[in-house]
Each structure stands twice: as structure tokens, then as C-alpha cells.
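Everything below concerns the one structure shown next.
Any value given below was found using the heavy atoms of this structure, including those in side chains, with hydrogens, waters and symmetry copies removed. Convention: sequence-line order gives letters A, B, ...; per-chain numbering from 1.
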There are 2 protein chains.
Amino acid sequence: MNIGDVAEKSGLPPKTIRYYEEIGLVKPLRSANGYRTFLESDVHKLAFLGRARALGFTIEDCRNLMALYEDDQRASAEVKEIAEQHLERIDKKITELEQMRATLSNLVHACAGDHRPDCPILADLAATCLDNELIENTA
Amino acid sequence: MNIGDVAEKSGLPPKTIRYYEEIGLVKPLRSANGYRTFLESDVHKLAFLGRARALGFTIEDCRNLMALYEDDQRASAEVKEIAEQHLERIDKKITELEQMRATLSNLVHACAGDHRPDCPILADLAATCLDNELIENTA
DNA sequence: GTTGACCTTCCAGCAAGGGGAAGCCCTAGG
DNA sequence: CCTAGGGCTTCCCCTTGCTGGAAGGTCAAC
């Protein structure tokens, strides 16, 4: 199977598949003309990777998950550990974004959004670290 | 004022300040010995940029926000427009992350996390795109 | 035999800086 | 007067996870 077929089957672009080979996530064979030749098991691996990436796992996580997947002596605790750490990263990121969202939302609501130059958004960005100028900026 | 002082006052690392000069966000003067020389207004700008970045605005957003900040003929509508678009980006990102979180959380809870190899997390990653193998993998 | 769709490699680049080397500059201490 | 140190400079590579493009080989069809 050539890379184009694999791309279609796995849902990953050819570029991505070549990249995954480059970093050692898949190891396709080569046919005489230099083309990569993939087995069904490669398609399976690539789909696995695509799914893991879609869940936000890093490439390194994917590498570890793949290794565990292929090791039938694995302990599910190891997999769970990786997933839990990732869950924490996600929660942290969500918290950060919620925080930004809250601040930004306040500012947006406070801004008239008309033709006049007065703007609480700019005032906030400008004033936060410079209390002595706050009065000038908001006066 | 040299870059070290500015870094302390603005809260941005020297590396970041040099980078911001490189991409034209600030334009410090140079003294005879080649050192960058910053004015108070530069510190002010850099603090503005730091705050905007902390709210997740892209560098390009920052560039536009700075331009509006320095234009006293601006319409607050233009600022609000940038902020609203950013708010949408944030909301979209949060939604994505919540989606990942939900799926991942389900998988984590379904996984025993013990010494045994059976793992719903790996099974899900492996099976999603290959229904014909689902039975084997979950059997 | 030649077009056009594949495939190959390599190079460059995105965001937004971080790390570190090699080399000035400036000041304080002995 | 010399030296040690800290701060400053430029330069280039590294990060994450790809994506785009150029130059060129291959293959099946018409």
C-alpha cells in the first residue's frame, strides 16, 4: 500500500505520515522504486496515533501509548497514569482560558464599541502595571 | 535605561524585549556603546504588550492594539472588534478542550489502573476507526 | 511519447520566544 | 594597572507538530 492510500484510510495527511516515520512512530518498508510500502498494521497504528493526537496527547505521549499498546505485559496503571497527567494538563489549560475569558468578557462588555476613542479595553491594557498613570488614563 | 532595568520594570525577560524590537513592536534608541536605551514610554509600551499577551492576544493583535492605543482618533469599535474575535477564539478553544476532557475523563474512569493489561483507554484509541477489529480488541 | 498523478527528498517556515556561545563594555577591588 | 564580574551585544539553533513548496523520479493511461 502506498502513502496515498494509507493517508485516506488513516485520515492523516501524507505529510504527517512521513513526519511520523521521520520521528520513528511508524517504520514502513520500501519497495524497489523507493516508495514507502505500508502494511495493514501500519494503517492501524496511524489511526491509533491520529486518535490519540485528536485527544490532545503530545507526540511523546503517543510514543509511550503505542509502546504500551504493543506490550501485552503492560499494566493498565501505566496507561492510566499518562492519561491522568494529560487530563491535568487539559484542566490547567481550561482554567487559564476561563480566566482570560472572564477578564476579556468584562472588558468587551464595558466597551461602547462606537466611533468615539474612549475605550476601557485599551485603558485596562495600558494601566494595569502603572498605577500612577491610571488616573490620567481613566480621567 | 538599559534592557535589564526595563525587563524588571516591565516584567518581560530581556530576550522577549529584544524579540519585540526585532519584530518592530518597540524601537529603543542606541547609545554610543551599542547598548539599547529605553525611555519611560518604551517601558509603558512593553507593559502594555505583556498584559495583552497575558490575555492571550497574538502578536499581530498586539501590534494592532498598540497602533490603536497610539491613535487618539481611533474608534473604540475597532478595539472591541479585535477583542471580540479573540474572545471567540478562546471560546472555541475552551469548547475543544472540554470535549477532549469529557472523552478522556470517561476513559480514565473506565480504566482499572492496576497491574493487569486490560485497558479501555488503549482499546478506545485502537478501535475507533476500525470497527471490524473492535470485537477482537474488546473481547 | 507524453501528459498527469503519484511518489521521493530537502529546505523553509509558522508562534513566540528560550538557551547558550563568543565577544564587547564598564566598574570595582587589589 | 590589571583582573574579575556582571551586563550587554549578535548569532544561530531548539522547541511542537506539522505544512508548503521546489526539484526531480515513477508509473499507468491515452
So if I apply the salt bridge (charged side-chain N to carboxylate O under 4.0 Å, His left out) rule between Glu21(B) and each of Arg30(B), Lys27(B), Lys15(B), which one comes out positive?
Arg30(B)
Pick out the pairs of N or O atoms, protein on one side and nucleotides 5-9 of chain D on the other, that lie under 3.5 Å.
| residue | atom | partner | partner atom | Å |
| --- | --- | --- | --- | --- |
| dG7(D) | N2 | Tyr35(B) | OH | 2.6 |
| dC8(D) | OP1 | Gly4(B) | N | 2.9 |
| dT9(D) | OP1 | Arg36(B) | N | 2.7 |
| dT9(D) | OP1 | Arg36(B) | NH1 | 2.9 |
| dT9(D) | OP2 | Arg18(B) | NE | 3.2 |
| dT9(D) | OP2 | Arg18(B) | NH2 | 3.2 |
| dT9(D) | OP2 | Arg36(B) | NH1 | 3.2 |
| dT9(D) | O5' | Arg36(B) | NH1 | 3.3 |
| dT9(D) | O3' | Arg30(B) | NH1 | 3.4 |

Using side-chain heavy atoms (C-beta onward) and a distance below 4.5 Å, is [X] in contact with [Y]?
| X | Y | result |
| --- | --- | --- |
| Ile59(A) | Arg53(A) | yes |
| Arg51(A) | Asp124(B) | yes |
| Ile121(B) | Ile82(A) | no |
| Leu25(A) | Tyr19(A) | no |
| Arg36(B) | Val6(B) | no |
| Phe48(A) | Glu70(A) | no |

Do Leu97(A) and Leu87(B) belong to the same hydrophobic cluster, where Ile, Leu, Val, Met, Phe, Trp and Tyr are linked whenever their side-chain heavy atoms lie under 4.5 Å apart, directly or via other members?
yes
Check every nucleotide of DNA chain C for an atom under 4.0 Å from a heavy-atom of chain A, then give the first and the last such nucleotide from 5' to 3'.
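The footprint of chain A covers dC6(C) to dC10(C).
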Every protein N/O lying under 3.5 Å from an N/O of nucleotides 17-20 of chain D:
| residue | atom | partner | partner atom | Å |
| --- | --- | --- | --- | --- |
| dG17(D) | O3' | Arg53(A) | NH2 | 3.3 |
| dC18(D) | OP2 | Tyr20(A) | OH | 2.7 |
| dC18(D) | OP2 | Arg53(A) | NE | 2.5 |
| dC18(D) | OP2 | Arg53(A) | NH2 | 3.3 |
| dT19(D) | OP2 | Thr16(A) | OG1 | 2.7 |
| dG20(D) | N7 | Lys15(A) | NZ | 3.1 |
| dG20(D) | O6 | Lys15(A) | NZ | 3.0 |

Near Glu8(A) CD, under 6.0 Å, is it more than 12 heavy atoms from other residues, nucleotides or ligands?
no
Under a 3.5 Å distance rule, please check whether His86(B) uses its side chain to pair with a backbone N or O of Leu104(A) as donor and acceptor.
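Absent.
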